[in-house]
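By convention in this document, chain letters (A, B, ...) are assigned in the order of the sequence lines, proteins followed by strands, and residues within each chain are numbered from 1.
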Amino acid sequence: MESNNQEEHTVEEVLFRIRHSAAHVLAQAVLEMRPGSTLGFGPPILDGFYYDFILNKPLTEEDFPELERRMKKIMKRGQRFDHEELDAEAALARIDEMDEPYKREYGAELIEKNGLKSLSFYRNGPFVDMCEGPHVKTTKDIPRDAFKLRRVAGAYWRGDSDNVMMTRIYAWAFADKAALDDHLARWEAAQARDHKKLGRELGIFVIDNQVGRGLPLWLPNGTVIRDEIEKLAREMEFKAGYQRVSTPHLAKRDLYYQSGHLPYYVNDMYPAMEVLERVPDAADDGSGDGAEETQGSARVVKEAYCLRPMNCPHHHRIFATEPRSYRDLPLRLAEYGQVYRFEDSGGVSGLLRVRGMCMNDAHIYCTEEQIKDEFKAVMKLYEQAFRTFGMDDYTLRLSKWDPEDPKGKDKYVDNPEAWEKSERLITEVLEELGLDYVEAKGEAAFYGPKIDIQLVTVTGREESVSTVQLDFAVPERMGLKYTGSDGEEHTPYCIHRAPFSTHERFVALLIEHFGGAFPTWLAPLQVELITISEHFDDYAKGIVQRLRNRMVRAELARSNDTVPKKIRQGVTRKIPNLLIVGEREQADGTVTLRRYGEREQHTMTIDAFEAALMESIETRSLEFLLPRS
RNA sequence: GCUCACAUAGCUCAGAUGGUAGAGCACUUCCUUGGUAAGGAAGAGGUCAUCGGUUCGAAUCCGAUUGUGAGCACCA
């Protein structure tokens, strides 16, 4: 796998040229099939390319075979890519000639805003595109058997939902057929790990539309996994000095006005539940102002409740229940709290994007001097958590505010000084811990900067899993105070953190991470007993009971099936440990272990198995530690 | 929310051009008591997502609604 940088760069550049050129060929073929259509952007991407169009008649995936045929024909012709650089005036004239309004918009912007003196065009055969290049020499240099049209989707012009929606055609493209085939095989293997698919197959969760979109029902197997994660989180938090609290799923709407959440969140919240009160006629002046008229009386909103979109205000109220001293800080309040967010319908998906979720939440109230140490402790907690699951393929993202964002006033608390200070503190934490991270401008919470842990799902989407956020704004809005050593009142800082994310998102990622084959400590069913025949059921039942007495999730496979079938079903269910028992085992007081994913079997005494099993569960081992024979 | 596609048994899917449904797995019963990835037989299971329209007749054609998937936007 060793390769020097120069070589790698060359390979990447070749791929870039191929994909970029193939995109032109796609556009060319689309214009053949749909003359008069308009072009958007058509860049190379990670595994291929796409091109955006305004089509005058829709294209669907059914048109792909013909589109691919036309593309191959163009490639066969070996049209030369000719580069042409036109000065601003000539360039705009050229685009007008092409009658491409979106290219025109972009070209004009490049000239006016970016101050380009000239624009670059590429022509191959009859097709001209405004484009920076570079390209391959001729269309023959695009391998005809290494691309595949993938999907048609909608995409807003320039990624702005206020703009027109274009039709985007995605394609895979590689340097040769082997690379494409390899990619397709990988992609299919990834689809098999999709948490939505495995979640159903393994009985982890269902989403029932009589209950509601984005509101998962956790089945018994999924609930076991949640419970195990929660147990781990509680242990880690207890050791780290957290205290647990428990608060309701809703609160009066006014609480969110006071916390300042409402203006930022109103679109993400379920509509408030309003409790109406009947008032006499006289009270209604007929204006209908907040009142609803019903025969002879009017109803006014007496109180309104919101399903909470976050737990913090509840915890803040707990902080406020008694006078706090600096000696009480840091105060760490933890709760697995259920929250509800009215996610846009198009975004809801499986367990990764839901409308009801249970968050591994905690709020750490501390002084300014304590921020860095608390942040560091939280970062270590993450690291430990992720290591436990063997997850190391993630990136840290330092999410900052964007002072230049035109919508900034609606997105962020307006306090530049506090933003700068808190971002500096967090940056120092990352630097002092020696952690690699990327910065993301404009991704901060409204109340402060944060560090997010970003994971890539099997379907290739990047998701935030865990988050640690520094909040310099809300405690003040909530009027939280503590008495400092100086005898004066001060406002605490608040650190919001969720190392285990939400159960929904975390379990989804764990399913994909383990491909549904969970380590023993996490597996819904840890041990299944398989008897050679019914005669050994009593022996097996004794073992099941013995394991259950130690809180091991063990079951006896039903005896009517043949041994090969029971094994097949156990493997299909991805049970980590199958124990086969028959005459030999009964006679010797042993069990024969067949581990998931292994064909080799290990016969050992019940005692030895139990000891090894308990060891791997208690240490939350990713492997099963076989006893030494 | 937007674009496109899709919706048939618990699951995975088949059902050209309109004539009211089929397989495998799972499930139930019986036979089988079998040493490492599917033993055999029988049975039960469907208002073809919902509502409306076209038609003598709709799973099939049209429309709306709901849901799902892939993208786009959003993602505190």
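- Donor-acceptor pairing under 3.5 Å, judged by distance alone, is absent between the side chain of Tyr156(A) and the base of G71(B).
- Place Arg558(A) and Arg584(A) on RNA chain B by their nearest nucleotides, and Arg558(A) ends up nearer the 5' end.
- In terms of polar N and O atoms assigned as donor or acceptor, the side chain of Arg353(A) comes within less than 3.5 Å of the base of C74(B) in a complementary pairing.
- Side-chain contact of Thr467(A) with Gln469(A): a donor-acceptor pair under 3.5 Å is present, judged by distance alone.
- Taking only side-chain nitrogens and oxygens, Lys196(A) comes nearer than 4.0 Å to OP1 or OP2 of A70(B).
- Looking at Arg355(A), Arg213(A), Arg353(A) one by one, the single match for side chain to side chain donor-acceptor pair (under 3.5 Å) with Glu343(A) turns out to be Arg353(A).
- Distances were taken from every side-chain heavy atom of Arg213(A) (C-beta onward) to each of C72(B), A37(B), G67(B); the shortest belongs to G67(B).
- Contact of Glu585(A) with G35(B) (side chain to base): a donor-acceptor pair of N or O atoms is detected under 3.5 Å.
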Decide yes or no on ring pair (Phe, Tyr, Trp, His ring centres under 6.0 Å) for Phe53(A) and Tyr51(A), but give the supporting numbers first.
-> CA-CA 7 Å; Phe53(A) 307 91; Tyr51(A) 214 113; 5.2 Å; yes
So Tyr336(A) and His503(A), ring pair (Phe, Tyr, Trp, His ring centres under 6.0 Å) or not? Walk me through it.
-> CA-CA 9 Å; Tyr336(A) 255 103; His503(A) 277 319; 4.2 Å; yes
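- The base of C72(B) lies outside donor-acceptor range of the side chain of Arg168(A), with no N or O pair under 3.5 Å.
- Side-chain N/O atoms of His261(A) and Tyr447(A) include no donor and acceptor closer than 3.5 Å.
- Between Arg461(A) and G71(B), a side-chain N or O to OP1/OP2 separation shorter than 4.0 Å is present.
- Ring to ring, His602(A) and Phe609(A) are not that close: their centroids are 6.0 angstrom or more apart.
- Each of Tyr170(A) and Arg594(A) was matched to the nucleotide of RNA chain B holding its nearest heavy atom; the match closer to the 5' end belongs to Arg594(A).
- Rounding to whole angstrom units, CZ of residue Arg200(A) and C1' of A26(B) are separated by 12 Å.
- Arg151(A) has no side-chain polar atom (N or O) that falls below the 4.0 Å cut-off from OP1 or OP2 of C4(B).
- Protein atom CD of Gln210(A) is 16 Å distant from nucleotide atom P of U66(B), rounded to whole Å.
- For Leu352(A) and C74(B), the CG to P distance is 18 Å, given to the nearest whole Å.
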Look for any protein N or O under 3.5 Å of an N or O in nucleotides 39-41 of chain B and output each such pair with its distance, or none.
| from | atom 1 | to | atom 2 | distance (Å) |
| --- | --- | --- | --- | --- |
| G39(B) | OP1 | Thr562(A) | OG1 | 3.4 |
| G39(B) | OP2 | Thr562(A) | OG1 | 2.9 |

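- Summarising the geometry, the separation between CG on Asp208(A) and C1' on U68(B) is reported as 13 Å, rounded to the nearest angstrom.
- Between the side chains of Asn311(A) and Thr247(A), no donor N or O sits under 3.5 Å from an acceptor N or O.
- For Gln569(A), a side-chain nitrogen or oxygen approaches OP1 or OP2 of A26(B) to under 4.0 Å.
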